Visitor: 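Dropping the structure in here first, questions after.
This structure is a prediction, so every number in the text was calculated from the model and none was measured. Chain identifiers are assigned alphabetically (A, B, ...) following the order of the sequence lines, protein sequences preceding nucleic acid strands; residue numbering begins at 1 within each chain. Values below: every heavy atom of this structure, side chains too, minus hydrogens, waters and symmetry copies.
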Number of protein chains: 2
Amino acid sequence: MNKRMTIQRQIVLDTVKALDHPAANSVYEEVRMKYPHISLGTVYRNLTSLCDDRELLRLTFPNSPDRFDPNLHPHYHLLCRRCGGVSDVDMAYLSEIDRAASEKTGLSIEGHMVCFFGICGQCRDGPDAAVQ
Amino acid sequence: MNKRMTIQRQIVLDTVKALDHPAANSVYEEVRMKYPHISLGTVYRNLTSLCDDRELLRLTFPNSPDRFDPNLHPHYHLLCRRCGGVSDVDMAYLSEIDRAASEKTGLSIEGHMVCFFGICGQCRDGPDAAVQ
DNA sequence: CTCTTATTAGTAATTACTACTATTAAGTAT
DNA sequence: ATACTTAATAGTAGTAATTACTAATAAGAG
């Protein structure tokens with residue numbers, strides 16, 4: 001039951017690191033540039049495996065396929081309503097709210113995620129910035 | 001382009017209110033009890049339309065179909081890792097973090113969502129509560 | 001009561017992802 | 001090095017959630 005370091009697994013990991021919060025399909029497209037006969041299933045399987053092994057984080061957003069993030073440090077994201085892209089939000093992690101919510105509600109809360117909605121820097125400063 | 005109040009739309013709305021954060025499929029199953037020949041597409045279309053008209057909120061969670069919530073008051077949710085269900089988390093809304101994150105990052109942040117992970121009350125207190 | 005067209009039921013298609021299976025190759029043991 | 005075990009792959013098929021299409025229906029205005 002030992003895990004094997006395959007070329008495919010390494011390329012998938014490197015590609016997630018090279019891209020910016022890519023979805024599985026973007027990883028697949030990019031990987032195929034260097035390794036054309038890779039299978040889409042192999043990309044999905046390795047992404048899931050890398051998440052299981054805590055080498056990647058899986059990010060879920062409304063109306064969007066899952067994204068993958070090599071930054072394991074707890075942090076939050078912005079989903080851009082114009083381009084649909086994901087950016088890091090560099091603010092302090094709200095490490096106290098799990099305990100606060102647990103105590104307030106009596107529920108067993110183990111973690112949380114925050115997703116911000118708005119316009120990303122690229123869209124705000126880009127060529128069509130005036131188009132709101 | 002006026003909107004029409006159809007029986008289907010009314011039943012879909014009533015059913016979301018009667019259930020607890022249902023997914024589209026649960027709404028469909030429940031609606032069919034009273035209105036057997038309704039189409040799944042009609043349920044999906046009305047759910048989306050009701051969200052567009054601010055009569056419902058659409059909730060997105062990792063590894064889970066979208067849920068619908070008639071409670072329009074801003075609030076947070078817990079996704080139970082045991083049963084997969086969604087519960088309300090009755091804690092204060094963090095209305096200040098949008099502005100805080102905007103100022104810190106310079107991004108245009110318009111809103112946010114928080115999803116807590118853990119074990120819901122029913123699972124913790126239920127018959128299999130001891131199973132971790 | 002008629003007319004316009006939004007909405008529906010039913011079906012087909014799409015998107016994102018998972019499962020299956022024969023073949024390949026990673027890593028261990030000879 | 002070479003053989004061996006089996007995890008992982010490529011390729012394909014299948015599934016879940018959701019959207020799109022179209023002829024028929026019915027909501028609501030006139």
Visitor: Atom CD of E29(A) and atom P of dT15(C): how far apart are they, to the nearest Å?
Guide: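 Spelled out: CD on E29(A) to P on dT15(C) is 13 Å.
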Visitor: Could you tell me whether the phosphate oxygens of dA7(D), OP1 or OP2, come under 4.0 Å of any side-chain nitrogen or oxygen in T6(A)?
Guide: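 Checking T6(A) against dA7(D): no side-chain N or O falls below 4.0 Å of OP1 or OP2.
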Visitor: Is E55(A) paired with K17(A) through a side-chain N to carboxylate O contact shorter than 4.0 Å?
Guide: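 No.
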Visitor: Distance check needed: dA10(D) C1' versus I7(A) CD1, whole Å only.
Guide: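 Interatomic distance, CD1 of I7(A) to C1' of dA10(D): 14 Å.
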Visitor: Any salt bridge linking D52(A) with R45(A)? Criterion: basic side-chain nitrogen under 4.0 Å from a carboxylate oxygen.
Guide: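 No, no charged N to carboxylate O under 4.0 Å.
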Visitor: Among dT9(D), dA17(D), dT7(C), which is the nearest nucleotide to the side chain of R4(B)?
Guide: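 Looking only at side-chain atoms, R4(B) lies closest to dT7(C).
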Visitor: What is the distance from CZ of R32(A) to P of dT9(D), rounded to the nearest Å?
Guide: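 Computing the R32(A):CZ to dT9(D):P distance gives 17 Å.
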Visitor: Take atom CZ of R9(B) and atom C1' of dA27(D), then tell me their distance rounded to the nearest Å.
Guide: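 From R9(B) CZ to dA27(D) C1': 13 Å.
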Visitor: Just the rounded figure in Å: distance from P of dA8(D) to CG of L50(A).
Guide: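 To the nearest whole Å, that distance equals 11 Å.
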Visitor: Specify the closest pair of heavy atoms between I119(B) and C123(B), including all atoms of both residues, with the distance to one decimal.
Guide: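 Taking I119(B) first and C123(B) second, the nearest heavy atoms are CG2-CB, 3.7 Å.
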Visitor: Could you state the atom-to-atom distance from CG of N25(B) to P of dT15(D) in whole Å?
Guide: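 These atoms are roughly 16 Å apart.
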Visitor: Compare the minimum distances between each of dA10(D), dT8(C), dT7(C) and the side chain of R45(B), then state the nucleotide with the smallest one.
Guide: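 Of dA10(D), dT8(C), dT7(C), dT8(C) is nearest to the side chain of R45(B).
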Visitor: Taking only the side-chain nitrogens and oxygens of S39(B), find out if one of them lies under 4.0 Å from OP1 or OP2 of dG10(C).
Guide: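 No, outside the criterion.
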Visitor: What nucleic acid atoms does Y28(B) come within less than 4.0 Å of, heavy atoms only: base, sugar-phosphate, or nothing?
Guide: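 Here Y28(B) touches no strand at all.
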Visitor: Is L40(A) touching bases, backbone alone, or none of the nucleic acid, heavy atoms closer than 4.0 Å?
Guide: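 No contact at all - L40(A) keeps every heavy atom at 4.0 Å or more from the nucleic acid.
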Visitor: With nearest nucleotides of DNA chain D determined for M5(B) and T48(B) from heavy-atom distances, which residue corresponds to the more 5′ nucleotide?
Guide: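 Its nearest nucleotide being more 5', the pick is T48(B).
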Visitor: OP1 or OP2 of dA25(C) less than 4.0 angstrom from a side-chain nitrogen or oxygen of Q8(A), does that happen here?
Guide: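 For dA25(C), neither OP1 nor OP2 has a side-chain N or O of Q8(A) closer than 4.0 Å.
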Visitor: Can you check the N46(B) CG to dA27(D) P distance for me, whole Å?
Guide: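 Going from N46(B) (CG) to dA27(D) (P), I get 13 Å.
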Visitor: Side chain of K3(B): nearest nucleotide among dT7(C), dA9(C), dA16(C)?
Guide: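 Output: dT7(C).
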Visitor: Starting at atom CG of D66(B), determine the distance to atom P of dT19(D), rounded to an integer number of angstrom.
Guide: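 Distance, rounded to whole Å: 8 Å.
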Visitor: Looking at Y44(B), I'd like to know whether one of its side-chain N or O atoms comes within less than 4.0 Å of OP1 or OP2 on dT19(D).
Guide: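 It does not, given that no N or O in the side chain of Y44(B) lies less than 4.0 Å from OP1 or OP2 of dT19(D).
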Visitor: Verify the ring-centre separation between H112(A) and Y76(A): is it less than 6.0 angstrom?
Guide: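 Yes, the ring centres sit under 6.0 Å apart.
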Visitor: For a 4.5 angstrom cut-off between non-hydrogen side-chain atoms, does F116(B) reach H77(B)?
Guide: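 They are not in side-chain contact.
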